[in-house]
Amino acid sequence: MGTEVVAAPAAAAEVIPAGGTVCHAVLFPFMSKGHTIPILHLARLLLRRQITLTIFTTPANRPFIAASLPAGAAASIVELPFPQDIPEIPAGVESTDKLPSVDSHFPNFALATERIRPDFESALENLRPRPSFMVSDGFLWWTQDSAEKFGIPRLVFYGMSNHSGSVSRAVAVDRLLFGPESADEMISVTQFPGVRVCKSDFDDWARSPDPKGPHFDFVMKSVVASSRSYGSVMNSFYEFEPVFVDHLNGLGTQKYYSVGPLCLADVDDDNCGKEAVLAAESKPAWIQWLDEKLAEGKSVLYVAFGSQAEISEEQLEEIACGLEESEVDFLWVIRKGGGGLEERVKGRGMVVGEWVDQRGILGHACVQGFLSHCGWNSVMESVCAGVPMLAWPMMAEQPLNARMVAEKVKMGIRVEGSGRTGFVQRGALEKAVRKLMNGVEGMEVRRNAKEYAEKARKAMEEGSGSSWKRLNLLIHDLCSKAKIEY
Ligand code: UDP
């Protein structure tokens, strides 16, 4: 275990709450990009409020974390060894985006993280000042036991919306998924008038009256631990989903703090939309390409399915054909496969196989649409950029996010045939792209996206924004409680 102090906190700037202790937060993100990125944004917000931070991670994830913090941040990064010899997981893999298959290997990977617990607890024991609170990922369920052992209030972070949290809970409590309906038949969610889902929106374990298996075991561990926690930090804002924020808080079980969109945390800092503002010669090729499209007066569709989606070669080929036939210009960020696509789409489209600055791309003036898997970070980033979406959910709670985007806030259009097990035909994609980029429906969702962008900006506004105030409340609630009894 190694400890690196990135920079010592300036004593005069530390927050000294009423009790007289320094406010010190422990952050422990899960080892996947979609879970780590928003926690690092939360780190920025806490640093701006002069909170002392300690961020726990593992050796291979440390460089990403160190590079994402603002220069000179008063944060310590503590490295804990990642477990070795995990069944079926190649040595050296410490992040889900490096797994050969997220679908097959996730439970083994996630369950093995429990082996970090002894090192985590010896580090916690020695931490000074004593932590005032901990924000750890819901997937690191065992951190709840550690928090209880040391009397540290734990806030859970899942990186999900209030909507998907509320709806998933409601269908489970009311046992809505065990009826005679077929996988795609609509079911009304009785607790939320107007909200409808279908069985295929949910994972297999949620649809079985008698679920079993490692994935279900893992989910149960996370859920049970979360229910014992102090509360949850949500990457969302009140104005985006008021019914669901109120619902979760109204349960009276725990506190839910909607403090986002967290991606707005670095708008004033050094690395937001970095690629878009670099000098021309040092801009990545895709930003230069976007600049050219802008100069030609063209609109571009951004196509990206997050950091871990698995897409078959057959489906990639169909996407390429659908995009070509839609006759729009597009920038497609692809993680795996798709050999030869680059050549095929030259001129109208650009295909990138590297890690990109997604927020920089969404913020580029010529990007006018986002074909997305609806990972929650991507939804929030699209909202903040005021870019309407084409919703193509693939796994996890993405089908519920897609419903939120297309049916609730109406800032996007659902791609027909898309879903957990769906295959999208080129014609369906072409139709959806044309609707979004050129159609009347596209104009309507574009208008809504822009309105939500403004609401998101206001929510994060210093002093008056709903999320700004909610984070202040969190600090107020927890910085005076250096120790709680569980
Ligand atoms: N991301 C990025 N560059 C990439 C791929 C992904 O910056 O090349 C970021 C993206 O902006 C988002 C996160 O990675 O913040 C992906 O999270 P999301 O919830 O959208 O999807 P997941 O990867 O968890 O499925």
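We count ligands from 1, going down the list as the structure has it; atoms in each ligand are counted the same way. Residue numbers count from 1 along this sequence. What you are looking at is a predicted structure, and each value in this text was computed from that prediction instead of being measured.
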For this session: Please write down residue, atom name and distance for the protein heavy atom closest to atom 16 (C) of ligand 1.
Result: Gly34 CA, 4.2 Å

Problem set entry | Ligand-residue contact atoms, ligand 1 with Ser307, heavy atoms, under 4.0 Å | 22 (P), 23 (O)

For this session: Could you check atom 25 (O) of ligand 1 against the protein and tell me its nearest heavy-atom contact, residue, atom and distance included?
Result: His373 NE2, 2.9 Å

For this session: Output the list of atoms in ligand 1 that are nearer than 4.0 Å to some heavy atom of Gly306, sorted by atom number.
Result: 23 (O)

Exercise. In the protein, which heavy atom is nearest to atom 1 (N) of ligand 1, and how far is it?
Worked result: Trp355 CH2, 3.3 Å

Exercise. Which atoms of ligand 1 are found less than 4.0 Å from any heavy atom of Trp376?
Worked result: 19 (O)

Seminar exercise, completed: Minimal heavy-atom distance between Lys410 and Asn448, with the atoms involved, is O-ND2, 2.8 Å

For this session: Out of Ile361, Val356, Asp357, indicate the one that has the non-hydrogen atom closest to atom 8 (O) of ligand 1.
Result: Val356

Exercise. For ligand 1, does Gln358 get within less than 4.0 Å through its side chain, its backbone, both, or neither, judged by non-hydrogen atoms?
Worked result: both

Exercise. What protein heavy atom is closest to atom 17 (O) of ligand 1, reported as residue, atom name and distance in Å?
Worked result: Asn377 ND2, 3.2 Å

Exercise. Is there a donor-acceptor contact under 3.5 Å linking the side chains of Gln308 and Asp97?
Worked result: no

Exercise. Of the protein's non-hydrogen atoms, which lies at the shortest distance from atom 13 (C) of ligand 1, and what is that distance?
Worked result: Ile37 CD1, 3.8 Å

Seminar exercise, completed: Per salt bridge (charged side-chain N to carboxylate O under 4.0 Å, His left out), Lys435 is matched among Glu430, Glu441, Glu444 by Glu441

For this session: Out of Ser378, Gly375, Ala309, indicate the one that has the non-hydrogen atom closest to atom 20 (O) of ligand 1.
Result: Ser378

Exercise. Side chains of Arg154 and Ser136: do they bring a donor and an acceptor to under 3.5 Å?
Worked result: yes

For this session: Compute both the distance and the angle, then confirm whether Lys255 meets the cation-pi test with Tyr230: under 6.0 Å from the six-membered ring centre, within 45 degrees of the axis.
Result: no

Problem set entry | Pi-cation contact, Phe218 with Lys221 (under 6.0 Å, within 45°) | no

Problem set entry | Pair Tyr158, Ser226: side-chain N/O donor-acceptor within cut-off below 3.5 Å | yes

For this session: May I ask you to establish whether Arg49 and Trp468 are in a cation-pi arrangement, using a distance under 6.0 Å from NZ or CZ to the six-membered ring centre and at most 45° from the ring axis?
Result: yes

Exercise. By number and element, which atoms of ligand 1 are closer than 4.0 Å to a non-hydrogen atom of Glu381?
Worked result: 10 (C), 11 (O), 12 (C), 15 (O)

Exercise. Considering only heavy atoms of Arg335, which atoms of ligand 1 have at least one such atom less than 4.0 Å away?
Worked result: 4 (C), 5 (C), 8 (O)

For this session: Would you please test Phe244 and Lys408 for side chain to side chain contact (heavy atoms under 4.5 Å, CB included) and show each step?
Result: CA-CA 12 Å; Phe244 303 102; Lys408 192 83 191 152; 3.9 Å; yes

